[in-house]
Structures are given as structure tokens and as C-alpha cells.
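Notes to accompany the following structure.
Labels below follow one simple rule: chain letters A, B, ... track the order of the sequence lines, proteins then strands, and each chain is numbered from 1.
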Protein chains: 2
Amino acid sequence: MHLEQGKTVIDSAISQQQLCLVVGHCQVKYKGRAASKLSQGDRLLVIKPDGTFLVHQNSKMAAINYQGPGAIVSTEIRKADEDADVAKVEKTRKTETEGAKNHGPQKDSMLLVVKAERKKPQEEVIEVAFDSLQSAQNFSLQDDESLKLFGSERQLADLLEQDLGLIEKGMRPLQTESHFNKGAIDILAQDKDGRLVAIELKRRTAGLDAVTQLVRYVKQLSHRKDAKATPDANAQNKANRVRGILCAPEITPNALTMLEQEGLEYFKLDYEISNPSAKIKGLQKKQKMLEEFR
Amino acid sequence: MHLEQGKTVIDSAISQQQLCLVVGHCQVKYKGRAASKLSQGDRLLVIKPDGTFLVHQNSKMAAINYQGPGAIVSTEIRKADEDADVAKVEKTRKTETEGAKNHGPQKDSMLLVVKAERKKPQEEVIEVAFDSLQSAQNFSLQDDESLKLFGSERQLADLLEQDLGLIEKGMRPLQTESHFNKGAIDILAQDKDGRLVAIELKRRTAGLDAVTQLVRYVKQLSHRKDAKATPDANAQNKANRVRGILCAPEITPNALTMLEQEGLEYFKLDYEISNPSAKIKGLQKKQKMLEEFR
DNA sequence: CAATCGATGTCGATC
DNA sequence: GATCGACGTCGATTG
């Protein structure tokens, strides 16, 4: 496919708000938020009507280069040797590796350069320079539907809050304000002795980050409580210390160690995901085995 | 395009390890680490040779449904009414909206179901059921090149380590072991007074997580030092406390507050990204302004 | 707009 | 394979 044809197709997609798919041999440059990159090969370029700009390789899930919604896309036909970097790199690679397959640009050949720019949070530009095209096509996609997801952390937390007895008898939810200036706690509760309990729920293996997060919440709550209560005996405060409970299907060993050093508790969470909503199957307190106790 | 043709194309892509692009009207279901359902709409399906499976809508960067590398892809032609959900939803939508354009499946119409399965870490299945196709094509992508990224955190950390004087006179690197059981520290150094310094570098705005990470490192180092040094006076330990320095271009207010509460230090990092490598332009200690000091 | 956090995060490095 | 942290993370929620 000719580069000029490709340009026409892409321009049409931009003006008509269509999905554009381009496959070809190209080099990509990015300069912006922080990093700048360079590479060459066969790629898939996806341009969505909202400006989303994705450059994919033939493996991996993530796009190798991208620009988010809102990017301004433009095209240009340019002489290959106007771009010194491209030419230089190309020459080097050609000498190094293969001279047979004519994939790279030749002398005086043209490039179709597709550019995606964004200025909003930071000046960002991504340039895709095609030297040959396998395909360039546009499509009109009608799709207003949004995804319905089951088994999110939020859903699990709501479920657990409705049945805190799973954790311990006498535990009840406490929905004063669940949001603090720093971060939000999953569930705030009170146990049968009236002690404040911060509950953090994770839908997958909990790591150190989950523990530090819980530590932060517990600390905040403690300060809060101190401020509220009479600022007298420290011993009493200790006895009435805020409890922190981490609920997760698994926990990494280091995280468990840190958790216990901090005096917090881990509950193993067993759940399953069914259609409209997930379901909590069990919750069981776990501690280090006695064998490990020295 | 006929569904049967589409099936042939996709099957061919799978057996020949090609990139496959499919555009059509479909419904998507997923069950695995979570579960989800996406009602009907026009979407782009990308199948890569390594099994990567991406379902894109016409906006947003991220795929709405996906499966990572290693997924096993298969196709199947199926009667539409075998899938109750699909049939029901479709019927509703048709009545509600349009009857003219024949986008949806008709009575007794067929579906092209593309399935991506994975069993390894967890059983996961994603099913895309097309009732009509706009396009289905395959491409051979040769691409051995990997990305070169400049300005990564690692690169910046290496640069900074080579010139710790930027932070403070007399600061020098200390490359004992930078890895601990929990996490790794970016730079370990010693100041002119011989105090241990943990330096955490972030290439972008530092948030609470960055601070908690640094807190963790400093605590580890303190324990370590206690173990090494004579376990005597606590006062001395305090005077010799391990310092923690956070270097980042920006820091959120809450993070700065927490940092100072923990007795750690923030340095504003100024850097630029040039071609082969980034460059550190400046580093300046910042504290809360006196006006804020109450 | 900034700040924060979840995610079917994904990806790479290291143990 | 498990663990851990970075990421141009993305995307959503909330003040």
C-alpha cells in the first residue's frame, strides 16, 4: 500500500471520527512526560476517535508506545533523510545485521509520519514514521455499553461490611465518616469491647504495601481517638488501641511478619465470584504457627 | 463479512502465528480472577501470536477485556439461542432502539464465538461472541526490536549516586548491599558526620506510598544498625539516627506532612531527559515554609 | 484540578 | 515459581 493512500485513510478517520487501524514497518519516537524512546519494526497502530493512540508490537499486552484520549493526531509525508536520527539509526542497523531484506527506508524514500500530540498536563509528542504499509483501514464503531464487573474489592468490602460476624462475634460496622484526609479505609468497625477496628480488604495476595496502608490508617485513627478522648493515661490508650485487620486470600511472608510486628491481625479470606455479585465463603484468623515461634 | 469466513481467518492466524484483527458487533463475557459482562456493541478484537487477546471499545486506552500472553485461543460457530443471555439482551435492545439496521442476530442466526483460555495461574476464560463482522484480517509482523527508554528511575538513581554532593557536601555512596529482605533501597549513603542515609528517588510526584516506602527502609536500617552497634544508650541512637531523604520533582502536601512528621527530608529534584541519558539539573532541600509553621 | 487508590493491573528483575 | 517494586502505569472517585 502506498504511503499517500495511507495518509488519506488516516486523515479521513480523523475527520470522520472513525477507528483507524494501520499496520506497517515504522520507527517510533516519544518525548514527553519523562521518557523518550526509539525503536523500529512492524507494528500495529490503533487510532481511536477520542484521540487514543496505541502502538502495538506482535507480543505482550501493553502498547509499546501510546497516547491517551485527547491527543491531537496529524499526518505528514516527509523525506526519510530529513530525520537525521532515523536515518542514522537505520544505517547502523542495516550494516550490522541484514542487507538482504529491504525493510528499511531507502535513500530518498518517503515516510508517512503520524503524530499524536498532547499539551494538557505536559507537552507530549509521539511520532510514528512508516516507511512501508501493509494496511490502513477505518471502521465505524457504535458502542455505548459499559462493562459490568463482579468481584471488585469494593463489592467484596460491601459484602463483608454486611456480615462482620464472619470476622468476630459482636463486630459491628461504624459508618461515621469513612474518608480521611489521607486515603480511605475500607471498613471502619467496632468490636464487642468497643474498640475501634480498621479493616482493610484485598481481593488478592496482600503484600507489604497493603500492610503499610493498614498501618497508616490505624495510626490516623489512633491520633484521632487521642484527640477525642481525654489526653490522659497512655496505658489506657494502649489497652484501647485501635485494632487493624487485614483480610485477603493470601499474604506474603514478609507482609505477615511486618503485620504481626505492628500488632495487627490477618484473616484469610475465602470468596467466590458468581454472576451478579461475589460471595464470601469464609474468613479465618491466621497467625504464625507455633513451630515457627523460635 | 460472513461469520464462517471470519472463523477461517482467525483459525489461520492461530495456526500461522499471525496478528489477527477483527472488527464486529459482539458481546463479551469473562470469568477468572474476577467476572464481567459487556453487552453488545461494535468492538475491535486483537489477537497476537503469543496469545495476547485484547477487546477494545472505540474510546479509552485500556482494553475493556483482555487475556495476557499464553492464552489459548479457539473459535466456534454456535447457534445464537444456545446462549440465553445473548438472545435476551439482543431482543430487548432491538425493540428499544432500531429495527432498521440489521446489526444484531436474527432468529436462528449464528454466532462466531472466539474464546481465550488460560489455566496456569488461575482458570480464566474470556468469550467474545460476534453476531456480525465488519472485518477480519491477519498480518505477519516481524519485530525483534525492544524499546529503549531514557529517564528511568534506575538511570536517575545511578546519576545521582555519582554526584551525591548535589544533596549535601560530604555525602558519599555506600554500596554495601542495597537489597534487604523487604524491598530495595535506591541509594545507601553516609553523610559527613558518618550518619547512614537512605535515599529514595522518584521520577515523578511523590505520594504517600513513596513516603511509607522510605519510612520502611529507614526503620530496617535502624534495626540493622542497632544490631551492629553496641546496644546501649538510646539517646545516642537518636543522635545517630538513620536519615531518610526523598528526592522527587514534586511531592503531594499530605506526603510532605507525613514525611516531616517522620523526621525525614525532601529534596526537590530537577532533571531533564536528553537523548542517551537523562541529566540531573538541580537538587534543593525543601521544607514547609515558616508561614505555615503556625 | 489535584490527590488518592484499585486493577483480571502488566512487566521485568531477583531470589 | 514466588516475591517485589516500577510504570510515561490507566481509570475512577472525591474534595
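An OP1 or OP2 oxygen of D:dG8 is reached within less than 4.0 angstrom by no side-chain nitrogen or oxygen of A:R118. In this structure, B:T252 reaches the C:dT4 phosphate: one of its side-chain N or O atoms is under 4.0 Å from OP1 or OP2. Within the 4.0 Å cut-off from OP1 or OP2 of C:dT4, not a single side-chain nitrogen or oxygen of A:Q213 is found. Look at A:K202 and you won't find any side-chain N or O under 4.0 angstrom from OP1 or OP2 of C:dA7.
You'll find that the side chain of A:R204 is closest to C:dA7, out of C:dA7, C:dT8, D:dT9. Considering only side-chain atoms of B:P253, the nucleotide from C:dA3, D:dT9, C:dG9 that sits closest is C:dA3. Checking D:dC4, C:dC11, C:dT8 against every side-chain atom of A:N254, the shortest atom distance belongs to D:dC4.
Contacts with DNA chain C (heavy atom under 4.0 Å) in residues 45-53 of chain B: none are found.
Both A:R154 and B:R203 sit near DNA chain D, but only B:R203 has its closest nucleotide nearer the 5' end.
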Going by atom type alone, with no hydrogens or angles, which donor-acceptor pairs under 3.5 Å involve a side-chain atom of residues 47-57 of chain B and a protein atom two or more places apart or on another chain?
unit_1: B:K48; atom_1: NZ; unit_2: A:H56; atom_2: ND1; d: 2.9
unit_1: B:K48; atom_1: NZ; unit_2: A:Q57; atom_2: O; d: 2.8
unit_1: B:K48; atom_1: NZ; unit_2: A:S59; atom_2: O; d: 3.3
unit_1: B:K48; atom_1: NZ; unit_2: A:K60; atom_2: O; d: 2.7
unit_1: B:D50; atom_1: OD1; unit_2: B:T52; atom_2: N; d: 3.0
unit_1: B:D50; atom_1: OD1; unit_2: B:T52; atom_2: OG1; d: 2.8
unit_1: B:D50; atom_1: OD2; unit_2: A:K60; atom_2: N; d: 2.8
unit_1: B:D50; atom_1: OD2; unit_2: B:T52; atom_2: OG1; d: 3.2
unit_1: B:H56; atom_1: ND1; unit_2: A:K48; atom_2: NZ; d: 2.9
unit_1: B:Q57; atom_1: NE2; unit_2: A:D143; atom_2: OD2; d: 2.9
unit_1: B:Q57; atom_1: NE2; unit_2: A:E145; atom_2: O; d: 2.7

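Using a 4.0 Å heavy-atom criterion, one finds that B:E200 contacts the sugar-phosphate atoms exclusively. Contact annotation for A:D209: no contact, since no heavy-atom pair falls under 4.0 Å across all strands. No engagement by A:T205 is indicated, since no non-hydrogen atom pair under 4.0 Å with the nucleic acid exists.
Nucleotide D:dG5 forms a pair with C:dC11, judged by Watson-Crick or G-U wobble geometry with both contacts under 3.5 Å.
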